[in-house]
Amino acid sequence: MDRYDVIIIGSGAGGGTLARRLAPTGKRILLLERGDWLPREPQNWLAEEVFVENRYISADTWYDGDEKPFQPQIHYFVGGATKLFGAALYRLRERDFEELRHHDGISPAWPIGYDEMEQYYTRAEQLYHVHGARGEDPTEPRMSADYPFPAVSHEPRIQQLADDFAGAGLHPFHAPCGVMLDEANMPYSACVRCNDCDGFPCLVHAKSDAEVLGVRPALEHPNVTLLRNTQAVRLETNAAGTEVTGVVTLREDHQETFAADIVVVSCGAANSAKLLLSSANDQHPNGLANGSDQVGRNYVFHNSVAVLALSRDENPTVFQKTLGINDFYFGSDEFEYPMGNIQMIGKSQAPMFRGEKPVMTALAPTWSLEQVARHAVDFWLSTEDLPLPDNRVTVGHDGRIRINYTPTNEEPKKQLFKQLKSMLKHLGMHDDLSPRHAYLKNDIPVAGCAHQAGTCRFGADPATSVLDVDCRAHEVDNLYVVDTSFFPSIGAVNPALTAMANALRVGDHIEQRLGAQPATGAAP
Ligand SMILES: Cc1cc2nc3c(=O)[nH]c(=O)nc-3n(C[C@H](O)[C@H](O)[C@H](O)COP(=O)(O)OP(=O)(O)OC[C@H]3O[C@@H](n4cnc5c(N)ncnc54)[C@H](O)[C@@H]3O)c2cc1C
Ligand code: SF4
């Protein structure tokens with residue numbers, strides 16, 4: 001059996017970042033990824049291929065709480081979900097780390113505070129080339145350093161929107177964004193500022209994803225090995241159940257077992273829970289590290305809604321994801337509970353509506369889909385969903401994932417939409433349209449698991465959490481989890497930067513534990 005110092009399972013935001021962090025230590029690191037490289041091909045940037053043919057979505061079938069099958073919006077590639085992500089790289093707010101009262105209940109405190117995460121957010125922003133402008137977002141947490149890159153500029157229609165919002169007394173801000181764009185020197189810019197970013201892979205590798213900025217730089221170190229198309233299917237332990245002794249993998253039909261001093265699971269919140277639950281043994285009858293019965297529970301993925309507002313004027317914006325609004329994040333004078341974040345999403349294109357039957361039916365009689373896309377201004381509203389024990393990932397007898405999920409905070413979500421509508425009403429968004437068609441809402445169902453988190457939360461108490469504050473399993477000494485599974489709550493901003501920052505934090509801890517010389521210079 002091949003033996004390593006560290007095995008990392010999954011190469012997305014958590015695993016890819018950790019590999020990058022540990023690579024300069026010189027320790028033998030094996031990165032196992034069930035997917036392959038995402039092919040660089042013209043289809044990367046074809047909306048028809050990406051949104052209608054679902055070219056990059058896994059063929060998995062999962063089941064909801066009523067045993068209804070669905071195809072999850074999940075991507076198995078080197079770099080994980082970040083290959084397709086919108087690269088909005090937000091920090092959680094300070095208060096997101098504290099207990100927060102919501103309309104539907106309590107969002108629990110994290111076992112560490114924002115101050116402990118701050119330096120890692122700064123390092124993650126540097127590693128992932130985050131652009132932004134400090135001081136604009138009224139909920140912005142304390143930051144010890146400026147953004148490493150200047151804010152991505154608004155295009156004229158979005159600048160107008162920002163000015164109008166500001167004129168109405170709000171505080172629109174330049175959204176933090178991870179793209180390798182150099183607006184001052186476009187001939188040398190890796191990012192060409194195209195309209196196929198959010199939800200698409202980046203053909204020119206200019207998006208700050210975990211393949212380009214995590215895995216590839218890690219592989220420059222000879223001590224790091226990547227095995228693609230290699231799925232971890234079970235973790236074996238010693239007789240006492242206190243240590244992982246083998247990672248059983250499947251590569252096509254070939255089974256192979258690897259061993260390491262430290263094993264890190266980072267398969268994404270649902271798949272990490274699946275791996276632990278599928279690794280039950282005599283010492284861990286309910287699943288590995290699951291004496292607390294918490295593995296798989298507290299699944300969250302944001303209570304989100306995509307809103308397409310039709311503007312009287314055409315919206316020729318190319319790269320739209322530059323604006324955010326957090327004025328209602330923690331509530332307002334009229335509604336005392338947190339509502340969440342408003343941001344732009346990638347500019348809609350006609351083929352995208354084709355997978356959206358309700359949208360199509362609503363619009364088809366009036367406008368062509370091309371017309372809709374030309375006039376659309378597209379928003380994404382995220383409200384925090386609360387971690388509930390019964391919102392959980394389980395594994396059926398067929399080995400497939402079940403997600404039992406009941407939404408929470410529906411009222412704050414409605415209130416946030418109401419706020420957006422009332423803001424836009426004054427901005428000439430639908431003067432010549434019937435109000436029924438002025439705003440198209442698309443609530444994100446359980447298959448829209450892009451922001452999945454929870455399932456192996458960290459905490460001080462082994463009775464109520466799976467991982468300790470270092471993201472090490474309470475019950476298994478050499479087992480860590482560094483994807484978004486560790487989140488005790490998700491806040492209302494996008495989760496990837498927090499997973500990246502935490503992977504750097506856990507990386508510091510693992511480096512010390514391995515007795516490696518602290519990496520200098522090259523280490524993020
Ligand atoms: C379309 C889209 C847009 C998004 N936009 C944003 C955004 O703008 N901002 C933001 O912050 N977040 C965004 N997200 C979410 C963000 O990408 C995720 O939060 C983040 O990637 C989660 O990191 P992770 O490490 O938990 O999991 P992932 O990044 O999903 O990585 C998990 C990895 O594990 C691999 N894997 C799974 N099971 C196994 C196994 N058994 N063996 C081996 N390998 C395995 C997977 O193939 C994958 O590579 C978006 C996601 C999507 C899909
Ligand atoms: S906008 Fe830039 S980073 Fe995004 S897909 Fe286009 S070239 Fe790549």
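When a ligand or atom number is given, it counts from 1 through the structure's own listing order.
Using a 4.5 Å heavy-atom threshold, the side chains of Phe319 and Ile158 count as separate. The closest side-chain heavy-atom distance from Leu420 to Leu381 is below 4.5 Å. With a 4.5 Å cut-off on side-chain heavy atoms, Ile490 and Asp385 count as touching.
Partner of Tyr329 under the side chain to side chain donor-acceptor pair (under 3.5 Å) criterion, out of Asp137, Asp96, Asn341: Asp96 alone. Between Thr322 and the choices His131, Gln343, His154, the side chain to side chain donor-acceptor pair (under 3.5 Å) rule is met once, by His154. A side chain to side chain donor-acceptor pair (under 3.5 Å) with Thr139 is found for exactly one of Arg95, Glu94, Arg93, namely Arg93.
Summary of contacts: the protein heavy atom closest to atom 19 (O) of ligand 1 is Pro495 CG, 3.3 Å. When hydrogens are left out, the protein atom nearest atom 53 (C) of ligand 1 is His75 CE1, 3.4 Å; that is the closest non-hydrogen contact. The single protein non-hydrogen atom nearest to atom 47 (O) of ligand 1 is Glu33 OE2, 2.5 Å, given as residue, atom name and distance. The shortest contact between atom 38 (N) of ligand 1 and any protein heavy atom is with Cys267 CB, 3.3 Å. Ranking protein heavy atoms by distance to atom 17 (O) of ligand 1, first place goes to Ala81 CB, 3.4 Å. From the protein, the heavy atom lying nearest to atom 1 (C) of ligand 1 is Leu84 O, 3.6 Å. Distance from atom 44 (N) of ligand 1 to its nearest protein heavy atom, with residue and atom name: Arg34 N, 3.1 Å. Among all non-hydrogen protein atoms, the one lying nearest atom 42 (N) of ligand 1 is Ala232 N, 2.9 Å.
Below 3.5 Å of separation, one finds an N or O of Ala87 facing an N or O of ligand 1. At under 3.5 Å, a nitrogen or oxygen of Ala496, whether backbone or side chain, sits near a nitrogen or oxygen of ligand 1. Ligand 1 has a nitrogen or oxygen under 3.5 angstrom from a nitrogen or oxygen of Gly86. By the 3.5 Å distance cut-off applied to N or O atoms, Ala88 is counted among the residues near ligand 1. Distances between N or O atoms of Asn271 and those of ligand 1 include no value under 3.5 Å. Of the N or O atoms in Ala13, one or more lie within a sub-3.5 Å distance of an N or O in ligand 1.
Taking a cut-off of under 4.0 Å to the non-hydrogen atoms of Gly14, the atoms of ligand 1 that pass are 25 (O). Each of the atoms 29 (O), 31 (O), 48 (C), 49 (O) of ligand 1 lies under 4.0 Å from some heavy atom of Gly80. Within the listing of ligand 1, atoms 46 (C), 47 (O) sit less than 4.0 angstrom from a heavy atom of Tyr76. Residue Ala450 has at least one heavy-atom neighbour below 4.0 Å for each of these atoms of ligand 1: 15 (C), 18 (C), 19 (O), 51 (C), 52 (C), 53 (C). In the vicinity of Asp196, heavy-atom distances shorter than 4.0 Å reach the ligand 2 atoms 5 (S). Close contacts of ligand 1 with Gly10, meaning ligand atoms under 4.0 Å from a residue heavy atom, involve 33 (C), 34 (O), 35 (C), 44 (N). For ligand 1, the atoms lying closer than 4.0 Å to a non-hydrogen atom of Ser266 are 25 (O), 32 (C), 33 (C), 34 (O). Below 4.0 Å from some heavy atom of Thr484 lie the following atoms of ligand 1, by number and element: 22 (C), 26 (O). Close contacts between ligand 1 and Ile9 involve ligand atoms 42 (N), 43 (C) [criterion: under 4.0 Å to a heavy atom].
Shown are the protein N/O/S atoms under 2.8 Å from atom 2 (Fe) of ligand 2, given by residue and atom: Cys191 SG.
For Arg392 and Tyr299, the positive end is not near the middle of the six-membered ring at less than 6.0 Å and at most 45° from its axis. In this structure, Arg457 forms no cation-pi arrangement with Trp110, as its terminal cationic atom is not both closer than 6.0 Å to the ring centre and no more than 45° off the ring axis.
Within the 4.0 Å heavy-atom shell around ligand 1 one does not find Leu275. Residue contact annotation: Thr17 has no non-hydrogen atom under 4.0 Å from ligand 1.
The shortest non-hydrogen separation linking Pro495 to His302 is CD-CE1, 4.5 Å. Across all their heavy atoms, Ala23 and Val224 have their closest contact at CB-CG2, 3.7 Å.
At a 4.0 Å heavy-atom cut-off, ligand 1 does not touch Lys274 at all. Using a 4.0 Å cut-off between heavy atoms, Phe77 contacts ligand 1 through its backbone alone, with no side-chain atom that close. Residue contacts with ligand 1 for Val233 are absent, since no atom lies close enough (heavy atoms, distance under 4.0 Å). Residue Leu32 touches ligand 1 through its backbone alone, judged by heavy-atom distances below 4.0 Å.
Contacts classified as ring-ring contact (aromatic ring centres under 6.0 Å, His included) and involving residues 194-214 (residues at least two apart or in different chains) are given here: Phe51-Phe200.
Comparing Asn494, Thr498, Asn502, Asp483 by heavy-atom distance to atom 26 (O) of ligand 1, the nearest is Asp483. Within the set Pro176, Gly12, Ser278, the minimum heavy-atom distance to atom 31 (O) of ligand 1 is found for Gly12.
Note on ring orientation: taking the six-membered ring where Trp is involved, the planes of Tyr121 and Phe97 are perpendicular (angle over 60°, cut-offs 30° and 60°).
The aromatic ring centroids of Phe458 and Phe487 lie 6.0 Å or more from each other.
Between Asp508 and Arg21 there is a salt bridge, with a side-chain nitrogen of the basic residue lying less than 4.0 Å from a carboxylate oxygen of the acidic one. Under the 4.0 Å criterion applied to side-chain N and carboxylate O atoms, Arg3 and Asp261 are assigned as salt-bridge partners. Salt bridge present: Arg216 and Glu211 bring a charged side-chain N and a carboxylate O closer than 4.0 Å. A salt bridge is defined here as a Lys NZ or Arg NE, NH1 or NH2 lying under 4.0 Å from an Asp or Glu carboxylate O, and Glu155 with Lys347 fails to meet this definition.
With 3.5 Å as the limit, one finds a donor-acceptor pair spanning the side chains of Asp378 and Ser348. Using modelled atom types and a 3.5 Å distance limit, the side chains of Ser153 and Glu183 yield a donor-acceptor pair. Gln320 and Asp198 form no side-chain donor-acceptor contact under 3.5 Å, judged by distance and modelled atom types alone.
The 12-atom threshold is not exceeded at CZ of Arg234, counting heavy atoms of other residues, nucleotides or ligands nearer than 6.0 Å.
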